[in-house]
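Read the structure below first, then the notes.
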Amino acid sequence: MSPVVPSAWEVSGRRIPVDSPVVMGILNLTPDSFSDGGELHDLDSALRRGERMVEEGAHILDVGGESTRPGAVPVKDSEELRRVAPVVEALTRRLDVPISVDTRKATVAQAALEAGAVIVNDVSGLSFDPGMGQVVAAGGAGVVLMHMRGVPSDMQERTHYADVVGEVVRELGDAVDRANRAGIARSAIVVDPGFGFAKTPAQSFALLGRLDRLRELGFPVLVGLSRKSFLGEVTGAPPPDRAVATSAACVIAYLGGARIFRVHDVAPVVQALSVAAAVEGEGAVSDESIQVR
Ligand code: PMM
């Protein structure tokens with residue numbers, strides 16, 4: 001029998017209910033990110049974007065300073081820190097929503113937690129930096145364990161799976177083991193299949209159709225579907241025009257059991273998920289659902 005998935009995500013003493021949809025708005029502070037790079041070059045525009053996403057219904061903001069698109073060139077720790085820390089600090093001061101930092105590096109995570117972040121979103125699932133688990137555990141932070149293979153520069157050569165869904169579930173289980181060994185609380189963990197990371201478009205669609213299998217792990221499921229290239233494959237739309245495709249994919253993910261949605265286009269996704277949640281009888285994406293206690 002599958003374990004029961006918790007109804008809340010515990011992050012640094014705060015409780016984020018995940019029995020209805022939770023929307024995580026993306027703030028990429030990178031000159032070369034996959035779909036929105038280069039737009040948020042200064043602190044003011046990052047803050048304005050963050051505030052706007054919260055007004056549109058985002059419950060969490062995810063701040064990132066390193067692009068992880070296929071083939072991306074790694075960024076030095078010092079440069080990533082310079083991009084991320086002031087924005088995390090300013091957002092924490094101005095907004096009440098939990099702030100997440102999208103990083104694979106322990107030093108960056110540590111600095112972001114000190115600046116007020118309460119979640120570490122690690123696309124390597126604690127496999128890139130051996131110090132990361134310890135930083136998350138010591139800070140009592142929430143953690144997103146995402147599935148990928150290799151690193152962004154070589155991940156698209158690592159798409160050989162006999163059974164993509166089964167192998168992603170198994171390898172996410174390995175990431176959960178790393179989190180356990182580091183002493184991270186089970187209630188702090190969410191898992192993410194890593195759409196587009198070491199996956200072909202067909203493999204991403206296969207995962208999207210079988211997210212129910214991820215719930216076997218017993219953790220809330222987060223999905224990063226926003227503007228991803230596999231959605232462009234079937235729609236022909238360029239990244240900024242993929243909000244409709246993203247919303248459709250988020251609804252499918254929700255019906256498969258995903259509860260946290262990392263997106264660029266907050267307003268359309270909130271609207272789409274309100275419909276999905278109403279059908280499921282869990283209520284719309286409401287003020288009540290966003291309350292962080
Ligand atoms: N995708 C990107 C970056 N960070 N984090 C998680 N947890 N899941 C994702 O799918 C994910 C991520 C790459 O997309 P972007 O450059 O548009 O942010």
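Ligands are counted one by one from 1 in listed order, and the atoms in each one are counted from 1 as well.
- Hydrophobic cluster membership of Met155, counting Ile, Leu, Val, Met, Phe, Trp and Tyr whose side-chain heavy atoms lie under 4.5 Å apart directly or via other members: Val123, Met146, Met148, Phe197.
- Per-residue contacts place Val144 under 4.0 angstrom from the following atoms of ligand 1 (heavy atoms of the residue considered): 7 (N).
- Screening residues 182-192 for side chain to side chain donor-acceptor pair (under 3.5 Å) gives no qualifying pairs among residues at least two apart or on separate chains.
- The distance from ligand 1 to the heavy atoms of Val123 drops below 4.0 Å at these ligand atoms: 4 (N), 5 (N), 12 (C).
- Atom numbering of ligand 1 starts at 1 in the shown order; those under 4.0 Å from a heavy atom of Thr68 are 2 (C), 3 (C), 13 (C).
- Within the listing of ligand 1, atoms 6 (C), 8 (N), 9 (C), 10 (O) sit less than 4.0 angstrom from a heavy atom of Met146.
- Proximity to Gly224 (heavy-atom distance under 4.0 Å) selects the following atoms of ligand 1: 9 (C), 10 (O).
- Taking any N or O of Arg262, backbone or side chain, at least one lies under 3.5 Å from an N or O belonging to ligand 1.
- In plain terms, the two heavy atoms of Arg262 and Asn28 that are nearest each other are NH2-OD1, 4.0 Å.
- Below 30°, between 30° and 60°, or above 60°: for Phe261 and Tyr254 the angle between ring planes is between 30° and 60°, a tilted geometry.
- Side-chain atoms of Lys199 come within 3.5 Å of backbone atoms of Gly194 as a donor-acceptor pair (strictly under, hydrogens ignored).
- The contact set between ligand 1 and Asn121, taken as ligand atoms under 4.0 Å from a residue heavy atom, comprises 5 (N), 6 (C), 7 (N).
- Within the 3.5 Å criterion, the main-chain N or O of Phe195 finds a donor-acceptor partner in the side chain of Lys228.
- The shortest N or O to N or O distance between Asp192 and ligand 1 is below 3.5 Å.
- Checking side-chain atoms of Asp265 against main-chain N and O of Pro268 turns up no donor-acceptor pair under 3.5 Å.
- In summary, the atoms of ligand 1 found under 4.0 Å from a heavy atom of Asn28, numbered by their order in the structure, are 15 (P), 16 (O), 17 (O), 18 (O).
- Inclusion of His264 in the set of residues having an N or O under 3.5 Å from an N or O of ligand 1 is warranted.
- Side-chain N or O atoms of Asp154 include one that pairs as donor or acceptor with a backbone N or O of Val151 at under 3.5 Å.
- Using a non-hydrogen distance threshold of 4.0 Å, Arg227 does not register as a contact of ligand 1.
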Test log, rule side chain to side chain contact (heavy atoms under 4.5 Å, CB included), inputs Val190 and Leu145: CA-CA 6 Å; Val190 308; Leu145 301 175; over 6 Å; no
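- Heavy atoms of Leu225 found under 4.0 angstrom from ligand 1: none, in either backbone or side chain.
- Near Lys228, meaning under 4.0 Å from any of its heavy atoms, are these atoms of ligand 1: 1 (N), 9 (C), 10 (O), 11 (C), 13 (C), 14 (O).
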